[in-house]
Every structure is written in C-alpha cells, then in structure tokens.
Engineer: 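Structure incoming, see below.
Model, not experiment: these values are computed from the prediction.
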Amino acid sequence: MAYDLVVRGGTVVDGTGAPAFSADVAVDGGTIVEVGRVTDRARHTIHADGLLITPGFVDVHTHYDGQATWDPHLTPSCWQGVTTAILGNCGVGFAPARSGEDAHVQLVELMEGVEDIPGTALYEGIQWEWETFPEYLDALERMPRAIDVGAHVPHAALRAYVMGERAQRDATADDIEAMGAIVRDAIAHGALGFSTGRTRGHRDVRGRPVPGTFAAVEELDALSTAMSRAGRAVFQAVPAGIGGVEGGDPEGAMDDELRWLLDLAARTHNPITFLVMESRLAPDAWRPWFEAARHANDAGANLRPQVGSRCFGALLGHQSRMNPLRYAPTYERLKALPFDEMVARLHEPSTRAAILAEAPESNRASTSLDRVNLRVFPDLYPLGDDLDYEPSADRSIAAIAERARRDPWDVLYDVMLEAGGTRFVLRPFLNYGRGSYDGLYDMMRDPLTVQGLGDGGAHSSIICDASMTTYLLTHWVRHRTRGPRLALEHAIRRLTKDGADLYGLGDRGAIEPGRRADLNLVDLDRLQLRYPERVTDLPGGAGRLVQRADGYVATLVAGEVVVDNGELTDARPGTLVRGPRASM
C-alpha cells in the first residue's frame with residue numbers, strides 16, 4: 001500500500017508530555033495512521049531529519065471573529081504554528097446579530113473598543129451573512145480556509161441580540177430565558193462554549209461597559225445551566241480584576257468573583273476556564289485562586305485558570321498607537337507626512353528640541369497608562385534586537401539615562417528613532433509583578449492551568465501577542481537566563497493536547513494513530529521571532545502590528561502544508577470545528 005504522506009526521520013514530541021523519540025509519521029486521508037518506523041511507500045514524503053515533529057498548536061484564546069470571515073490563514077497566528085484557533089472569547093463577538101446597520105455598529109464598536117481591532121477593517125471585511133449563531137457557524141464552515149476555527153457564544157452579543165438598547169441594564173426573567181434558549185441551540189449546533197467578560201476595563205469605543213460586565217450571578221448561572229443541558233461545552237470568563245488587578249485588592253470584589261466561579265463549578269461538570277494575570281499591586285493575589293480551584297477540582301469541579309507565556313503590555317513607538325510623543329503639537333503636525341519623511345524630520349535638532357520642550361508638566365505627572373511621565377521611565381524597556389520581553393531593571397530607560405547622566409526623555413527619543421524609526425519600547429502592565437517572570441513560571445508549571453491569552457487578532461495597534469506560542473518555545477525552553485526554563489515536552493503539551501482536551505477535541509492535539517494530521521515541523525535551533533512590524537493588510541487598508549517567525553519548516557493541517565518555510569500556500573484543508581455533541 002501507499003500512504004498519502006510520510007514524514008520521515010524527525011524527533012516526535014507527541015503532545016502528551018512523554019519524552020521525545022525518533023520516528024516517522026504516516027498520514028492517510030488527513031489522519032495519522034502510523035507512528036514509528038514506517039516501511040510502506042508514500043505518495044509524498046517530507047524528510048524531517050534534525051527537525052521536531054509536533055502536533056499543530058491549539059490556540060484557545062483568539063479574537064478572529066471578524067477576520068475569520070475574510071482571511072483563510074488567520075495571520076499572524078498561522079506563522080506561529082497554530083492550526084486550530086478558538087474565537088469568541090471575553091464575551092465579545094459578532095453573533096447572534098440582528099439585521100440592520102445599528103445592530104452591526106454596536107457589535108463593531110464593542111470589538112473595536114475592547115480588543116483594539118480597527119473598526120474600518122471590520123466594517124469593510126464582514127459581510128454579515130448570518131443573524132443567528134448557528135447561521136454564523138454555517139458561514140464560517142462555508143468559507144474555504146487553511147486552518148481550523150471554533151467559536152464561543154459571546155455574552156455581549158447575546159445580550160445585544162435579546163435586549164437591544166437595554167443591553168446595559170439588568171436582564172429580566174424573560175430576557176434570561178430567551179438567552180438560555182439561544183445558548184442551548186448554539187451549543188447543539190456546534191458552539192464550543194460560552195464566554196463572558198466582567199472586567200471594568202473592557203469598554204466600547206464610546207466608553208460604555210461591555211453588556212454583561214455587571215450581569216447578576218443568577219443570569220450567569222442560568223446561562224451555564226442552559227449550556228450544560230445542551231451538552232459538553234466550555235464556560236470562559238474574564239473575572240473582574242483578573243486576579244487582583246483592579247485596585248490591587250485581592251479581597252472584596254475579588255472574593256465575590258471567586259465565590260461565584262466556585263459555586264458555578266460545583267453545579268456543572270462542564271469545564272470553566274478563567275483568565276488570571278499577575279498584578280504589580282498584588283503580585284500574589286492569584287495564588288489563593290489557584291488553591292481554591294484545586295480544592296474545587298478535588299471535589300469534582302473542572303476549573304482551569306488560563307495564563308499567558310509573557311507579560312501583558314504595550315509596545316510604544318512611532319508605529320504604535322501608544323506613542324509617548326503624541327502630546328506634542330510639533331509631532332502631531334509631522335504625523336501627516338509619509339513615514340520615512342516624518343522620521344527624517346524627527347532627526348533634525350530643531351524638531352527634536354521643539355518636541356521635547358512641548359511636554360506640559362501635567363503630562364509629565366500623569367499616571368495614565370498610555371502616557372509617559374517621569375515615574376514611568378523605570379517601567380519602560382527598549383525591546384532591542386534581541387526581543388527582550390523579560391528585561392531586568394538595569395535595562396530600563398530610567399537606568400540607561402542614569403548611567404549616561406542624560407534626561408530619560410532624550411534617551412527615549414533616541415531609542416524610538418533607531419532602525420529608521422521602527423524600534424519599540426516595551427511597557428509591561430501585568431504578568432511582571434516583581435520585575436521578572438518568576439510568578440509566571442509558577443503559573444505555567446502548574447498542571448491546573450491551560451495556556452492562552454495570546455489574543456490573536458486583537459490589540460493590533462499596540463502589541464502582537466499571537467506570537468506567544470513561539471515565545472513559549474524560544475524563551476521558556478531555550479533562552480531564559482533569569483530563572484528556570486520549561487522542558488520541551490511540557491511546553492509542547494501546553495500548546496497542543498491541553499487546549500484540545502479542555503474543549504473536548506479528542507481528534508487533535510497529539511501525534512497518535514487516529515488523530516487529525518495537524519503537524520508542525522520545527523527547526524528548534526533556528527526557531528526565533530522576528531521583530532514586530534506595522535503592515536496595512538486589513539480590509540480598507542487598515543494597519544496593524546504583526547510578528548513573524550523563522551524555524552517553522554512546515555505547518556500541516558489534515559496532512560496538507562498550509563505554511564511552507566513562512567510562506568502561505570494555496571491549500572485549504574481547514575474547516576469549522578463543531579463541539580463534540582453537535583447535532584449537525
């Protein structure tokens with residue numbers, strides 16, 4: 001016999017956490033059929049000597065709800081080894097959606113405000129071929145695509161659909177009943193779960209809280225119960241505070257958030273995943289959450305804290321929306337120029353002097369997250385050519401300025417002008433509680449947690465965290481010097497089988513006979529992230545930051561190469577992933 005494909009001679013890291021081993025992987029009909037020494041012939045052969053063979057990465061936390069309707073590859077995630085992307089996180093998305101411009105504008109403004117996806121791209125790119133959630137799933141399934149997608153039912157869109165202009169208010173019993181019916185129907189047709197967001201920092205472009213932010217616990221309980229009645233599905237939550245962030249108060253409101261999550265987990269067998277990040281104000285506030293979840297799971301619950309692999313922050317620079325010079329009228333006048341011309345003007349001594357002189361004292365004393373002031377310079381770090389996302393204190397703008405006996409504004413100005421004005425300055429907000437990743441290491445080593453928070457497609461004007469998958473392998477497996485690293489097998493399991501198991505996707509996430517042939521061929525020695533760059537490839541010419549990677553020799557979906565040495569192919573083996581109990 002002849003298999004469709006045999007990948008020969010690689011080092012298999014199979015996603016289960018077991019030690020790596022040398023083997024061939026045979027594929028037939030898009031499915032892995034043999035792992036070992038394959039002697040049968042193959043119609044196609046890929047020689048993987050010196051390469052890792054891993055399962056394709058399952059990214060459980062993306063925001064490609066709109067992009068998935070026009071982009072078959074879901075860049076930049078496909079450049080980072082992702083073969084399955086789960087949409088509809090944090091309670092925001094585009095279905096269900098009433099027909100009509102007003103309803104569509106409401107959902108776009110929510111996504112633009114919460115996830116920083118350009119509204120111009122969403123208005124231009126989304127064709128709104130659906131109203132109900134099952135119709136949205138059908139639209140995703142109809143589109144030829146390179147990688148697989150699955151989706152949550154987002155709470156904000158659900159509330160907007162049922163409650164209309166009352167979506168910011170308390171839901172009535174009739175509202176809750178109607179929402180529950182929609183959730184049951186969506187899960188029955190293949191939605192992978194339900195998501196809600198409760199953090200006060202999530203607001204639409206008009207500054208209004210996301211519908212559902214202050215929803216009563218009774219409403220959440222009813223929707224979770226409706227979901228459970230339809231079958232196995234994941235309840236995804238962004239708690240208020242996300243582990244002690246807001247106000248640095250791990251008690252009070254945080255105790256209330258933990259309580260309702262524990263109560264919910266006690267009444268359902270469906271998995272619950274909730275976002276947790278480390279706060280500088282209360283860097284250990286997440287630890288009681290983990291212990292409480294562990295005890296609940298011992299009693300039969302299924303709570304999975306969801307953590308990232310690097311700091312949650314922003315990149316400041318001339319190609320970022322967060323630009324520390326934007327306060328200056330002189331700089332504002334230059335922004336209308338072509339980029340290269342603007343950078344040339346910024347090099348002029350007179351322009352430099354004018355911009356640095358135009359910082360009013362009120363801005364220098366501001367504590368706003370998106371302004372730079374004298375107190376913030378110790379928290380600003382040149383990203384550098386080495387892409388240092390875990391910088392030590394001596395690498396901060398403040399430390400550089402002190403050593404050189406210069407004004408930190410002068411140093412910042414120069415750093416941002418390096419490499420033709422394309423260099424960024426990193427400002428960590430979360431997951432950097434004591435100026436390192438020691439807390440994050442403890443989170444990632446804990447088998448209780450699931451890997452996520454890459455936010456693929458989101459926050460695209462200030463960061464590109466979709467590259468967290470690659471960062472897990474480059475920084476945590478190979479490069480980290482400020483603390484312990486992670487074993488390769490542990491890292492691969494976090495990127496593959498853990499996420500697939502959470503969502504009940506037993507057909508993927510591991511290299512075993514009978515599993516879907518979603519694979520990455522990786523040159524680990526050569527694997528590295530490229531520097532973030534701004535591109536204008538979204539519908540309507542909207543811009544965003546993207547990050548590519550070197551070292552992915554091939555990414556395969558169902559046995560077909562969809563990314564070949566960083567280049568997109570024309571293969572479209574991807575599809576919509578429906579839940580394990582879908583009625584379709």
Engineer: Report the residues that fulfil side-chain contact (heavy atoms from CB on, under 4.5 Å) with Ala301, sequence neighbours left out, ordered by chain and then residue number.
Structural biologist: Ala265, Ala296, Asn297
Engineer: Determine yes or no for a side-chain-to-main-chain donor-acceptor pair under 3.5 angstrom, with Arg534 supplying the side chain and Arg544 the backbone.
Structural biologist: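 No, Arg534 side chain to Arg544 backbone: no donor-acceptor pair under 3.5 Å.
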Engineer: Tell me if the aromatic rings of Tyr64 and His73 count as close, with their centers under 6.0 Å from one another.
Structural biologist: no
Engineer: State whether a side-chain donor-acceptor pair under 3.5 Å links His44 with Asp4.
Structural biologist: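 On atom types as modelled, these side chains do not qualify, holding no pair under 3.5 Å.
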Engineer: Under 4.0 Å between a Lys/Arg side-chain N and an Asp/Glu carboxylate O for Arg493 and Asp498?
Structural biologist: yes
Engineer: Does any N or O in the side chain of Arg478 come within less than 3.5 Å of the main-chain N or O of Leu527, such that one atom is a donor and the other an acceptor?
Structural biologist: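 Flag set: sc Arg478 to bb Leu527 pair under 3.5 Å.
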Engineer: Donor-acceptor pair, distance only, cut-off 3.5 Å: does the side chain of Arg310 make one with the backbone of Tyr389?
Structural biologist: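 Between the backbone of Tyr389 and the side chain of Arg310 there is no qualifying donor-acceptor contact (under 3.5 Å).
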Engineer: Any donor-acceptor pair under 3.5 Å linking the side chain of Gln306 with the backbone of Gly452?
Structural biologist: no
Engineer: For Val38, is there any backbone N or O sitting under 3.5 Å from a side-chain donor or acceptor partner on Asp24?
Structural biologist: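 Flag set: sc Asp24 to bb Val38 pair under 3.5 Å.
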Engineer: Is the side chain of Thr62 donor-acceptor paired with the backbone N or O of Ile86 at a distance under 3.5 Å, no angle test?
Structural biologist: yes
Engineer: If you apply the rule side chain to side chain contact (heavy atoms under 4.5 Å, CB included), what do you find for Asp204 with Glu112, and how did you get there?
Structural biologist: CA-CA 7 Å; Asp204 69 11; Glu112 185 176 14; over 6 Å; no
Engineer: Using a 3.5 Å distance criterion without hydrogens, assess whether the side chain of Arg145 forms a donor-acceptor pair with backbone atoms of Ala68.
Structural biologist: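 Side chain of Arg145 to backbone of Ala68, a donor-acceptor pair under 3.5 Å: yes, one is there.
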Engineer: Indicate every side-chain donor-acceptor pair of residues 45-54 with a distance under 3.5 Å to a residue at least two apart or in another chain.
Structural biologist:
none

Engineer: Is the closest basic N to carboxylate O distance between Arg578 and Asp148 below 4.0 Å?
Structural biologist: no
Engineer: Would you sort out whether Asp564 and Thr569 count as a side chain to side chain donor-acceptor pair (under 3.5 Å), showing the intermediate values?
Structural biologist: CA-CA 7 Å; Asp564 184 1; Thr569 75; over 6 Å; no
Engineer: Return yes if some donor-acceptor pair links the side-chain N/O of Ser309 with the main-chain N/O of Met468 below 3.5 Å, else return no.
Structural biologist: yes
Engineer: Students often mix this up, so state it plainly: with edges at 30° and 60°, are the rings of Tyr552 and Phe57 parallel, tilted or perpendicular?
Structural biologist: perpendicular
Engineer: Between the side chains of Lys497 and Asp14, is the shortest nitrogen-to-carboxylate-oxygen separation below 4.0 Å, so that they form an ion pair?
Structural biologist: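 Looking at Asp14 and Lys497, the cut-off is not met.
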Engineer: Please verify the inter-ring angle class for His475 with Tyr471; under 30° counts as parallel, over 60° as perpendicular, anything in between as tilted.
Structural biologist: parallel
Engineer: Which atom names give the shortest non-hydrogen contact between Ile32 and Val35, and what distance separates them?
Structural biologist: CG2-CG2, 3.7 Å
Engineer: Flag yes if more than 12 heavy atoms outside Asp386 fall under 6.0 Å of its CG atom; otherwise flag no.
Structural biologist: yes
Engineer: Checking Ser224 against Thr268: is there a side-chain donor and acceptor pair closer than 3.5 Å?
Structural biologist: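 Ser224 and Thr268 do not have a side-chain donor-acceptor pair below 3.5 Å.
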Engineer: Quick one: which of Trp128, Tyr123, Trp130, Tyr161 gives a ring pair (Phe, Tyr, Trp, His ring centres under 6.0 Å) with Phe94?
Structural biologist: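 Testing each of Trp128, Tyr123, Trp130, Tyr161 against Phe94, the sole residue satisfying ring pair (Phe, Tyr, Trp, His ring centres under 6.0 Å) is Trp128.
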Engineer: Is it true that Arg530 and Thr470 share a donor-acceptor pair across their side chains at a distance under 3.5 Å?
Structural biologist: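 Result is no, nothing qualifies.
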Engineer: Show your working on side chain to side chain contact (heavy atoms under 4.5 Å, CB included) between His490 and Val477 and close with a plain yes or no.
Structural biologist: CA-CA 9 Å; His490 177 78; Val477 172; over 6 Å; no
Engineer: Are the side chain of Gln528 and the backbone of Thr474 linked by a donor-acceptor contact shorter than 3.5 Å?
Structural biologist: no
